[in-house]
Each structure stands twice: as C-alpha cells, then as structure tokens.
Amino acid sequence: MTDQPISVEAVRRVLATRREEIVQRFHAIGTGIGRNGSDHIITVYLKNERDRPREEVVVDGVSLKFEVTGEISPY
Amino acid sequence: MAKDYSTDEFLKSRHLVGALKARHMEFLGRDTNIVGSAFGRRIAQGEITNELAMVIYVAKKVRQQFLPMSRLLPRRLYIGGDCVAVDVVETGPLYPHSFTARERPAPSGISGGPTPSGGGMSSGTMGCLVTDLTDGSLCILSNNHVLANENLGVAGDPILQPGSFDGGTDPADRIATLKRFQMINATGNTVDCAIAQVTAGAAALVIDQMKNNAMPTPTPQHPAVGLLFAGGCNRTFCNPINNVLTALNIQFLAGAGSTAGVSIGDNVEKVGRTTEYQTSVVMEIDASPTVNYTFGPASFNSQIATMWMSDPGDSGSIVCAGGEGSHTDHCSCGTSTATSSVLGVDVNRERLMAEEVRDKFLRHTKIGRYGLDLFQLNEERFLERFRKTQIRQEDRDLARHLFNKYVEEGRAAFMEQDRSERTLTEQHFHDARTALRHAQQYMTPEEVKASEELFRLAEEHGKGRKPREILAQLNNEELLKRVKEIAEPVKTVRKDDGACN
C-alpha cells in the first residue's frame with residue numbers, strides 16, 4: 001500500500017480485468033467509478049439487497065461500494 | 001393529536017380567512033413573491049398544529065431583517081373582534097401542470113413521442129433543439145426508446161407533442177418526424193439517442209428555450225453533459241453528450257463548444273416531462289449499467305450516473321452542468337408519501353430515521369435483508385393497490401392516534417440506537433395488534449393468515465427484549481426459515497425476479 005490516492009486510471013485498470021468477475025460474483029446489474037474521499041472506488045449496482053455482501057470487499061487494492069438501485073429501466 | 005373543531009368554529013374561521021383574503025387582495029397581489037393563499041392549519045417546526053390559519057404561499061421565504069417594512073407579513077390579522085393566525089409556506093413558483101400539455105411554440109423539456117404502436121402509448125421528453133449537420137435542418141433530440149420505440153421506428157414516423165400517453169394525436173399534434181436513431185444492441189452501447197426533424201413551419205412549432213425557462217438551453221456558458229435515458233430508485237443514467245452528438249452527427253444551436261465533460265461530485269440539472277426541473281450530483285463516471293428494455297436487457301458503457309433526478313417520462317432530457325445539486329434517494333419515497341397521506345402529517349423526518357435504521361442495522365441481519373428485498377420487489381405493486389383503496393376514516397384516525405402516541409418514543413429510541421435499554425412491552429404489542437386488526441380489512445385471506453403468524457412470531461421473540469436483542473433475533477437462521485415458510489404461500493407477494501406465484 002502507498003499513501004497515494006487511488007486514481008481513476010488505477011480503477012479503470014482494475015475494472016478492465018476484473019469487472020466481469022465482480023458482476024458475476026455479486027449478481028450486479030452494473031458498475032461505475034465513484035469516489036470515497038480522495039480515493040476512487042468501484043461502485044457496484046445491485047438489484048436486490050440480498051446480494052449486498054456483509055463484509056468490506058477490496059479488489060486489487062480498490063474498495064467496492066454497493067448501491068441497491070433496484071432494476072434499471074429506460075425512462 | 002389534532003383538535004376536532006365544531007362545524008360552527010370551522011366555518012367561522014373559514015369565513016374570516018375568506019374575508020381577510022378579500023380585504024388584503026391588493027397587498028397579496030402586489031407582492032410578486034406571494035403566489036397564493038388558502039385556509040388551513042398552521043404548521044410549526046414541520047408539524048401540523050391545531051391552529052386554523054390563513055396560509056400564504058410564497059415563492060421564497062425571506063428573513064424578516066431582509067424585507068422592507070411594506071412587505072412584512074404579520075403573524076396575525078385582525079378582523080372585527082376576531083384574529084386569525086398567518087402561516088407563510090414556501091412553495092416555490094407555481095406553474096400549471098403543463099409539462100405534459102400541448103404547447104405552441106413548444107419549448108424543450110416537455111412531453112413528446114411517437115404515435116401509439118403495437119397498442120402501447122408512450123411519452124418521453126423532447127430534450128432540446130439541435131442542428132442536423134448532414135443538411136442543416138432543425139431537429140429535436142431525444143432517446144431512441146422515446147422517438148423510435150426501441151429500434152422499431154422508421155424514418156418519417158410522426159412525432160407528437162404532447163406524446164400519445166399525454167393525449168397527443170396524429171396529425172393534430174404532429175410536430176416532427178423521426179429522422180434517424182442509433183440502434184440499441186444487447187451489448188456494447190454508449191448511447192440511446194434519436195432525432196426528429198421539425199416539420200414545415202418550424203418557427204411557429206418550436207422555440208429554443210426550456211419549459212418555464214427553468215434552465216438555459218445548452219450554450220458554452222451552460223454546457224450540456226449528458227442525455228438522460230434510464231434510472232433506478234437512487235441513480236439516474238445519462239449518455240455522455242459528446243458521444244450522442246457524434247453518433248447522430250448533430251450540434252446544439254449555440255454551436256460547437258456547448259458541451260462539457262463531468263467529474264464525480266459535479267452538480268448537474270435537467271428539465272423533463274415528469275419530474276420537471278431537478279438538480280443532482282454526479283456520483284459515478286464510466287458507469288456500465290444493464291438496462292431492462294421491453295425487448296430485453298441491454299448493457300451500456302462509459303455512462304454518467306447521478307443521484308436520483310428522474311422518473312419514467314423524463315427520458316430524453318438534456319442534462320447540463322449547473323444547479324444546486326441534490327442527494328435525493330427515492331428508494332422508499334412512495335411509501336413515505338402514502339404514509340403521509342394516511343396520517344395527514346409530513347413523515348419526512350421519520351423516513352430519514354427509518355433509512356438510517358435500515359442501513360445501519362436491518363440490512364446487517366438475515367431477516368432484515370429478506371424483508372428489505374421483499375419490500376423492494378413489491379413496493380410499487382403495494383403502492384398501486386394502496387392508491388386504489390379507500391381507507392376508512394376510522395382507520396386513518398387510529399393510524400394518526402398511534403403515530404402521535406409513539407412518535408416521540410420512536411425518536412428517543414432512534415437517538416439511543418442499539419444502546420437503548422427500552423424494551424418491547426405488552427402495551428406495544430396490544431397497540432400493534434389493534435393496528436393489525438384494522439389493516440387486515442384491506443388484506444386477502446392469505447395475507448391475513450400470514451400476518452397473524454408473523455405477529456405471533458414477533459410477539460414470541462420480541463416481547464420484553466431490547467433493540468440489540470431484537471437485532472440478534474433478526475439474524476437467527478431458524479427464524480428466517482420460519483419467516484420464509486410463512487411468506488411463501490402468499491400469492492400476492494412477489495418473492496424473486498419472477499412473477500407473483
């Protein structure tokens with residue numbers, strides 16, 4: 001670990017290789033790059049509350065934040 | 001608890017307010033900040049009081065020290081030997097509900113869509129006017145799923161304002177014809193967009209401004225950042241605007257340079273058919289959501305995700321940089337609105353407390369998570385049922401009585417959180433039993449049976465227990481199994497992603 005904030009580019013690199021795995025593991029309906037303080041994080045969109053993990057999840061040094069959005073529909 | 005007025009007392013107060021409105025009409029009409037007045041109950045610190053009052057609606061509440069004497073509103077008005085309280089309520093500017101109405105020339109941000117196809121009616125938002133760079137024609141920008149019915153449209157299809165869902169008919173309300181759209185595929189999408197060319201007589205049909213001038217149209221000073229197309233209860237998704245302009249080969253009327261990129265935390269604003277003007281905050285970039293279209297799921301890349309700022313019918317809205325920003329979450333808003341309508345009080349503060357309890361405690365327990373999922377899956381259907389149900393006055397009175405009885409205790413328990421030494425008492429269950437008996441009048445026999453069993457389970461495992469002990473019970477695997485067994489046979493409750501069983 002370094003003291004450098006986690007950059008958008010670093011998160012993009014993680015998503016490029018691990019996104020599919022994250023989506024399948026948490027039955028996610030999407031992902032995005034969010035921010036927690038100075039660090040960038042991966043936001044994982046969930047349809048159901050039951051898919052939210054109970055423990056903190058970190059993938060390749062990047063934290064995952066879970067948001068239950070319900071179904072995403074065209075508006 | 002609200003005071004019951006005699007008919008005479010009520011009528012007298014109403015008459016007095018009517019007389020005061022007539023007497024002060026000139027003053028009320030002169031102040032442009034005053035947008036209306038009414039007879040009602042005074043609201044103090046968010047609570048409806050017993051005091052009947054003349055309610056004055058203002059566009060914006062202004063602190064007393066900043067108002068000239070001539071514009072100060074009195075706390076009370078006197079008429080004859082009587083006096084009436086004055087309550088000032090900030091409503092914002094009042095507009096007719098015309099974002100769904102026919103308007104010529106038609107501004108942007110209002111209802112539009114194709115003729116009904118396949119028996120369906122539709123309405124979305126006419127985002128804004130653009131120039132088609134292939135021929136210089138004037139076009140309306142919106143989504144594929146708004147103007148082209150999810151890939152099914154054909155160039156030349158009539159586009160109506162308002163959309164057919166809002167009563168638009170062809171040819172009377174035809175304003176444009178579908179020109180072209182970007183196909184939506186199962187994967188690999190970045191845009192859901194289309195344009196419709198304004199038909200002959202363009203000058204009289206459309207105008208380059210947003211409805212009610214709620215925000216400016218895109219310019220270099222007020223750049224567009226996205227095209228709104230989808231959402232969930234706490235996120236709204238937008239296509240990056242530059243991808244939209246490139247895909248359709250168009251530009252805004254103010255020319256190139258009327259667009260900008262976004263960063264996380266930026267404020268944005270939009271005007272749309274359903275939720276009209278809304279401002280929000282960018283929460284995520286590079287979002288890759290899977291959107292549930294009528295033809296099936298379609299995944300998108302490189303999207304902008306904001307907090308909630310739209311509902312169905314807002315699709316096609318242009319999202320621009322600006323606004324105050326907002327972190328509104330509508331995941332349980334419908335339920336709190338329904339609760340408010342039964343109780344006749346604003347439960348917004350209680351909603352926020354409930355959300356904190358949900359996030360901090362309930363979702364960390366097995367039964368809590370199961371319940372939250374059932375709630376989320378069924379909320380819309382239950383709200384629909386609620387809207388069609390006539391709630392009897394005696395049931396409303398009981399709900400209000402119990403709310404008033406327990407609201408303070410609830411708030412105190414909330415402050416103490418899981419450190420609380422309070423316990424669930426015999427009296428709590430007695431009152432809950434009374435409430436359940438009233439609620440069961442609106443349930444199916446299956447629901448009544450399940451509610452009885454759940455109540456007995458709650459009584460057995462909750463009575464005499466403190467909050468932290470109850471949370472432990474909610475995490476009990478055996479209890480979860482029992483709750484599922486009770487809920488499973490109830491056909492009106494959806495259990496997973498499938499239809500009701």
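Since we're looking at a predicted model, the values are computed, not measured. So that the names make sense, note that chain A is the first sequence line, chain B the second, and so on, each numbered from 1.
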**Asked** What part of Phe237(B) gets closer than 4.5 Å to chain A, counting heavy atoms only: side chain, backbone, both or neither?
**Response** side chain
**Request:** Would you mind telling me which of Ser302(B), Ala298(B), Gly124(B), Pro312(B) has the largest number of heavy-atom pairs within less than 4.5 Å of chain A?
**Result:** Pro312(B)
**Request:** Apply the test side chain to side chain contact (heavy atoms under 4.5 Å, CB included) to residues Thr43(A) and Met283(B): give CA-CA distance (whole Å), side-chain angles for both, the deciding distance (0.1 Å), then the verdict.
**Result:** CA-CA 9 Å; Thr43(A) 304; Met283(B) 297 302 290; over 6 Å; no
N/O donor-acceptor pairs under 3.5 Å from side chains in residues 287-297 of chain B, not counting sequence neighbours:
unit_1, atom_1, unit_2, atom_2, d
Asn292(B), ND2, Glu71(A), OE1, 3.0
Asn292(B), ND2, Glu71(A), OE2, 3.4
Tyr293(B), OH, Asp192(B), OD2, 2.7
Thr294(B), OG1, Glu150(B), OE2, 3.2

**Asked** Just checking heavy atoms, which of residues 7-16 of chain A are less than 4.5 Å from chain B?
**Response** Val8(A), Arg12(A)
**Side chain / backbone / both / neither for Asp286(B) at chain A, heavy atoms under 4.5 Å** = both
**Exam field: side chain Arg369(B) to backbone Arg52(A), donor-acceptor pair closer than 3.5 Å** = yes
**Request:** Would you please name every residue forming a side chain to side chain donor-acceptor pair (under 3.5 Å) with Tyr277(B), sequence neighbours left out?
**Result:** Glu269(B)
**Request:** Supply the atom-to-atom distance Phe229(B) CZ to Ile72(A) CD1, rounded to the nearest 0.5 angstrom.
**Result:** 8.0 Å
**Asked** When rounded to the nearest 0.5 angstrom, what is the spacing between CD in Glu284(B) and NZ in Lys65(A)?
**Response** 6.5 Å
**Asked** Taking atom OG1 of Thr236(B) and atom OH of Tyr75(A), what is their separation to the nearest 0.5 Å?
**Response** 6.5 Å
**Request:** Would you mind telling me which of Gly231(B), Ser315(B), Gly232(B), Gly316(B) has the largest number of heavy-atom pairs within less than 4.5 Å of chain A?
**Result:** Gly231(B)
**Request:** Identify the residues of residues 17-28 of chain A whose heavy atoms come closer than 4.5 Å to a heavy atom of chain B, ordered by number, or report 'none'.
**Result:** Arg19(A)
